[in-house]
Amino acid sequence: MLPVIVVHGGAGTVPSERSEKSKAGVCSAARSGFAMLQRGGSSMDAVVEAVTKLENNPNFNAGCGSVLTISGNVEMDAIVMDGKTLASGAVSAVRNIANPVQLARLVMDKTSHNCLTAHGANEFARAMGVPEVPQESLITEYSRMRWRMNLAPDANPVECQMGKMGTVGAVAVDSEGNVACATSTGGILNKMEGRVGDTPCIGCGGFADNKVGAVSTTGHGEAIMKVTLARLILFHMEQGLSAEAASDLSLNYMKSRVHGLAGVVTVDPLGQWAARFSSLQMVWAAAQKETLHYGLYAGEHFTESIEEP
């Protein structure tokens, strides 16, 4: 069953005019991450590769394409976690960084901390030689249009967020059975300056443990944090449930307990995987053996050759 990578491009409702680009984006990211695994790369290498590709794609709410704060700025969060050692790195509220997921990995690899935030994270990036980019290079016309719409007094940014595009993430198992996760986001529409959601929080935006599996989440961050969704799924897997059953049980609990919608990609150390969501849609793709799997709606599952079309 090994290796395998599963990626998501956000839970919610993808506008029809963006659905094909979103599906193409996650399929391309899954192929890139899987190619890394096939070359003998680690699961961590693979998830960072896949998420970097999604951060560079303006069709997703991460990196270039991130949503804007109430003041019209970009503040991004990201996390990585290594299931072999439980090492983790995260950044929150970072600005002027093209690939927050790569900075999160540097936090894991080069510091004794788990998370750096805002100004401190940007200072660390400079110390590591990570180039800063102009904020304008991260802002798309689509993001600016949605920001303007949600400045209206009667706007509901949280509801609107679930109606467009979301957080990106990936989980993987490499040929040695090591699992890893990575998640990256621009946050929620028109958020307060300094707002940090679930993404950079261990057990919420992601979790990886070789003894159980790995999860990356997407959805309404405040609700995900209340139930520590990623860790909740792995708890149920520890009790013997499959990746799919544990994901469904946890998503249903979150919906009934805190009225939140979300989506997840999940793997276990043997390469069994799931892409599940309680929202109307979640664009996802998985690569395993010679096959690429992908979908957008609940129950939708397409397959094609892993080779580039």
Side-chain angles (χ1 to χ4, degrees), residues 7-10 12 14-15 17-18 20-22 24-26 28-29 32-33 47-80 89-107 116-151 157 160-161 164-170 182-197 199-200 205 218 221 283:
V7 306
H8 68 75
V14 180
E17 68 273 13
R18 299 177 71 88
E20 290 306 313
K21 289 182 179 179
S22 296
V26 293
S28 178
S32 291
V47 295
V48 171
E49 170 71 16
V51 171
T52 295
K53 191 142 184 138
L54 293 169
E55 288 176 337
N56 292 339
N57 187 325
N59 292 293
F60 300 102
N61 175 20
C64 172
S66 291
V67 299
L68 307 184
T69 68
I70 190 70
S71 302
N73 295 311
V74 170
E75 292 188 348
M76 302 165 290
D77 307 331
I79 191 172
V80 298
V91 293
S92 64
V94 295
R95 300 185 179 190
N96 304 99
I97 299 295
N99 297 113
V101 72
Q102 294 183 13
L103 186 57
R105 185 172 187 179
L106 285 171
V107 172
L116 295 177
T117 193
H119 177 67
N122 279 96
E123 275 198 344
F124 171 68
R126 284 190 288 271
M128 290 290 104
V130 176
E132 290 194 346
V133 299
Q135 178 170 254
E136 287 301 311
S137 70
L138 302 174
I139 300 176
T140 63
E141 281 304 310
Y142 185 66
S143 293
R144 199 178 294 282
M145 175 271 292
R146 295 175 66 210
W147 170 70
R148 290 195 194 100
M149 288 176 57
N150 281 282
L151 290 175
C160 185
Q161 173 79 9
K164 296 299 183 290
M165 55 183 180
T167 297
V168 304
T183 311
S184 181
T185 189
I188 60 173
L189 282 164
N190 294 53
K191 61 187 179 181
M192 294 174 64
E193 298 282 315
R195 178 266 185 186
V196 175
T199 294
T218 172
V283 64

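All values derive from a computational prediction rather than experimental measurement. Numbering starts at 1 and runs along the sequence shown.
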Donor-acceptor contact below 3.5 Å, side chain T117 vs main chain S92: yes
Test item: N122 side-chain N/O and R95 main-chain N/O as donor-acceptor pair under 3.5 Å: yes
Side chain T52, main chain V48, donor-acceptor under 3.5 Å: yes
Closest approach of V91 to P100 (non-hydrogen atoms, all atoms of both residues): CG2-O, 3.8 Å
Side-chain donor or acceptor of N56 paired with backbone N/O of C64 under 3.5 Å: no
M192 atom CE, over 12 foreign heavy atoms within 6.0 Å: no
Any side-chain heavy-atom pair of S66 and L138 under 4.5 Å: no
Stepwise side chain to side chain contact (heavy atoms under 4.5 Å, CB included) test for V130 and Q102: CA-CA 9 Å; V130 176; Q102 294 183 13; over 6 Å; no
Side chain proximity check, H8 to T167, heavy atoms < 4.5 angstrom: yes
Closest approach of G197 to D77 (non-hydrogen atoms, all atoms of both residues): N-OD2, 3.6 Å
Derivation and outcome, side chain to side chain contact (heavy atoms under 4.5 Å, CB included), residues W147 and N190: CA-CA 6 Å; W147 170 70; N190 294 53; 3.6 Å; yes
For the student: nearest non-hydrogen atoms of I97 and M76, plus distance: O-CE, 3.1 Å
N96 (side chain) donor-acceptor with E132 (main chain) under 3.5 angstrom: no
From L151 atom CG to S71 atom OG, the distance as rounded to the nearest 0.5 Å: 9.5 Å
Test log, rule side chain to side chain contact (heavy atoms under 4.5 Å, CB included), inputs T199 and T218: CA-CA 8 Å; T199 294; T218 172; over 6 Å; no
Pair E75-T69, side-chain donor/acceptor within less than 3.5 Å: no
I139 and N73, any side-chain heavy atoms less than 4.5 Å apart: no
Minimum-distance pair of heavy atoms, taken over all atoms of G25 and N57: CA-ND2, 3.7 Å
Minimum-distance pair of heavy atoms, taken over all atoms of F60 and L54: CE1-CD2, 3.5 Å
Pair N99-L103, side chain to side chain contact (heavy atoms under 4.5 Å, CB included): steps then yes or no: CA-CA 7 Å; N99 297 113; L103 186 57; over 6 Å; no
Closest contact, heavy atoms only, S184 versus V51: CB-CG1, 3.7 Å
Main-chain N/O of I79 paired with T183 side-chain donor or acceptor, under 3.5 Å: no
